[in-house]
Visitor: 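Quick one: the structure is below, questions incoming.
Below, read A as the first sequence line, B as the second, and so on, with proteins coming before strands; counting in each chain starts at 1. Just so you know, these numbers use all the heavy atoms, side chains as well, and skip hydrogens, waters and symmetry mates.
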Amino acid sequence: MIKAVRGTRDLLPPETALWNFVEATVREVFRAYNFQEIRTPIFEETQLFARGVGEETDIVSKEMYTWEDRGRAASEKGQSLTLRPENTAGVVRAYIEHKLGDRGLNKLYYIGPQFRRERPQKGRYRQFYQIGAEVIGPASSGSDKPVRDAEILEMLATLLDRLGIRNWNLEINSVGNAQERVAFNDALRKALEPVAASMCADCQRRATTNPLRVLDCKVPEDQPIIEKLPRITDYLQEESTRHFADVRALLESAGVPFQVNPRLVRGLDYYTRTAFEFTHGALGAQNAILGGGRYDGLSEALGGPPAPGIGFAMGEDRLVLALQEQTPNIVKAPDAYIAPMGAGTNQAAIGLAKALRQAGLVIDLGDESFRLKKSFETASKLGARFILIVGENEVRSGEFALKNLATGEQTTVPRAELAAKLQAS
RNA sequence: GUGGGAGUAGCUCAACCGGCAGAGCACCGGACUGUGGCUCCGGAUGUUGCGGGUUCGAUUCCCGUCUCCCACCCCA
């Protein structure tokens, strides 16, 4: 038997209804903040991710689906292509390519699949879905202002509330600009040298490979050491410090609860200044539901004009998982099940079904060969509110037997009044 | 990529020391030929993930492999 490949999966009803609910809510909320949708290709030149996300990140160095495309001529070497591992690089590429800044398109959102070749785990798949938004534009558009950061965070808090996600937690930090990050990294490396040997095995390795990750260590014995390590906030210059302070003040004005987490670091190279993460308790080790931050130098890194920006990516798989644990299914049951009965009654039934559907009702239809008992069983199983019997008697008289399956009440209704009757009750 | 656990009917899971592969739910038919849910009777479930090995005999023991789950690395 051929099965879905490792790390991919089929989304089946009724779960798909939850996905549609999430996406519809996202579109509605984002629209209120004047974001518009962008759809970028699912694969891009490998170089885009190498330069945009960072050569040294795990994503680029070992988690991408990359292949060499066929050259146009037999002698020509094909270009290296990659299934997108995230969507920000693609959006910024499109921003540059179509000069979106000049067209005033500064607020964009996307919903779609991304691909990373990781070991699958709950809430972590090789084809996974992300919802994200980016505010990007020339500095003159205000895209570098603290109010943009606060506005996006407030939008996310509103979205999670609207989705009915309870117990989310927002942590923010500032990781500084490019120069400040380098200075902090050096200081951290130096501070770790004498103490690393007394830390856990993971930290000993991180101390040289990725000092920022040491701050993320959860081993209790290491905490006293980590407390004494330099903090990023000590390495922020006046401008970054003020930016961060402004963001915090604006969040308070907007009524968005948050915690400053000086240890919050982000994995992708392009992040600057504000970094944030929303977490949710019920997701195990994969507790981050969305994360993001500012990326003021990304456009230049990709050969574009200066265009400060801020954005986030939300794991839709995990969002749905969190919702499933707290909400029952939301599929709307059919309003009526139509049961034709007797040779030729299908003809009347299909026309009737069409008319009722056009009136906005959800209608399912049986077949004239079914015994009435089977039709009742099916209607009950589907959870239909009513069963409408289209037998030979009904077709002849133009009046139909309509039974409320919950109350058992049955009435005879003329064809012209069926839609109104079903809508009213 | 690393470590551990698990894969048996559509679903949830049993099967003792290696001896005919089972139950509940769901499904189909009937009791009831124009009235569901409840009840009763009957029925079909299957490459025991896949491939190999040991054995008279393997769901069971061994090896390999695939997938899922948990954790690590990393990250949304």
Visitor: Would you call A:Glu151 and A:Lys107 a salt bridge, using N to O less than 4.0 angstrom?
Guide: yes

Visitor: With a 3.5 Å cut-off and heavy atoms only, can you find an N or O donor on one side and an acceptor on the other between the side chain of A:Lys3 and the base of B:U67?
Guide: no

Visitor: Touch check for A:Gly293, heavy atoms < 4.0 angstrom, all strands: base, sugar-phosphate only, or nothing?
Guide: nothing

Visitor: Taking the basic N atoms (NZ, or NE/NH1/NH2) and the acidic carboxylate oxygens, is any pair closer than 4.0 Å for A:Glu118 and A:Arg126?
Guide: no

Visitor: Under 4.0 Å between any heavy atoms, over every strand shown, what does A:Asp317 touch: base, sugar-phosphate, or nothing? Just pick one.
Guide: nothing

Visitor: Could you measure between the two C1' atoms, the one in B:A6 and the one in B:U12, and give it in whole Å?
Guide: 15 Å

Visitor: Given B:C69, B:G34, B:C28, identify the nucleotide with an atom nearest to the side chain of A:Lys381.
Guide: B:C28

Visitor: Looking at every strand, decide which applies to A:Met314 at a 4.0 Å heavy-atom threshold: base, sugar-phosphate, or nothing.
Guide: nothing

Visitor: Would you tabulate the nitrogen or oxygen pairs shorter than 3.5 Å linking the protein to nucleotides 29-32 of chain B?
Guide:
| from | atom 1 | to | atom 2 | distance (Å) |
| --- | --- | --- | --- | --- |
| B:G30 | OP2 | A:Arg371 | NH2 | 3.0 |

Visitor: Tell me whether the OP1 or OP2 atom of B:U35 has a side-chain N or O from A:Gln410 closer than 4.0 Å.
Guide: no

Visitor: Applying the ring-ring contact (aromatic ring centres under 6.0 Å, His included) test to A:Tyr129, which of A:Trp19, A:Phe115, A:Tyr110 qualifies?
Guide: A:Trp19

Visitor: Going by modelled atom types, is there a donor-acceptor pair between the base of B:G36 and the side chain of A:Ser380 at under 3.5 Å?
Guide: yes

Visitor: Between A:Tyr109 and A:Phe30, is the ring centroid distance below 6.0 Å?
Guide: yes

Visitor: Can you tell me if A:Arg124 touches the phosphate of B:C75, counting only side-chain N or O atoms and a distance under 4.0 Å to OP1 or OP2?
Guide: no

Visitor: Once you apply a heavy-atom cut-off of 4.0 Å, does A:Leu405 come out as touching a base, just sugar-phosphate, or nothing?
Guide: base

Visitor: Has the side chain of A:Glu394 got a donor or acceptor that lies under 3.5 Å from a partner of the other kind on the base of B:G34?
Guide: yes

Visitor: Taking the minimum atom-to-atom distance to the side chain of A:Asp58, which one of B:G34, B:C69, B:C74 wins?
Guide: B:C74

Visitor: Does a salt bridge link A:Glu377 with A:Lys381, judged by any charged N lying under 4.0 Å from a carboxylate O?
Guide: no

Visitor: Distance check needed: B:G1 P versus A:Glu118 CD, whole Å only.
Guide: 12 Å

Visitor: Based on Watson-Crick and G-U pairs with both distances under 3.5 Å, what dot-bracket line describes RNA chain B 5' to 3', crossing pairs as [ ] and inter-strand pairs as |?
Guide: (((((((..((((.....[..)))).(((((.......))))).....(((((..]....))))))))))))....

Visitor: Indicate, with a heavy-atom threshold strictly under 4.0 Å, whether A:Ile387 touches base, sugar-phosphate, or nothing.
Guide: nothing

Visitor: Which pairs would a plain distance check flag for residues 386-403 of chain A, meaning a side-chain donor or acceptor within less than 3.5 Å of a matching protein atom at least two apart in sequence or in another chain?
Guide:
| from | atom 1 | to | atom 2 | distance (Å) |
| --- | --- | --- | --- | --- |
| A:Glu394 | OE1 | A:Gly391 | N | 3.2 |
| A:Ser397 | OG | A:Asn393 | O | 3.2 |
| A:Ser397 | OG | A:Glu394 | O | 3.4 |
| A:Ser397 | OG | A:Glu399 | N | 3.2 |
| A:Ser397 | OG | A:Glu399 | O | 3.4 |

Visitor: CD of A:Gln127 versus P of B:U67: gap in Å, rounded?
Guide: 16 Å

Visitor: What's A:Phe312 touching, base or sugar-phosphate or nothing? Going by heavy atoms closer than 4.0 Å.
Guide: nothing

Visitor: If we count only N and O atoms by modelled type, under 3.5 Å, do the side chains of A:Asp149 and A:Thr274 hold a donor and an acceptor together?
Guide: yes

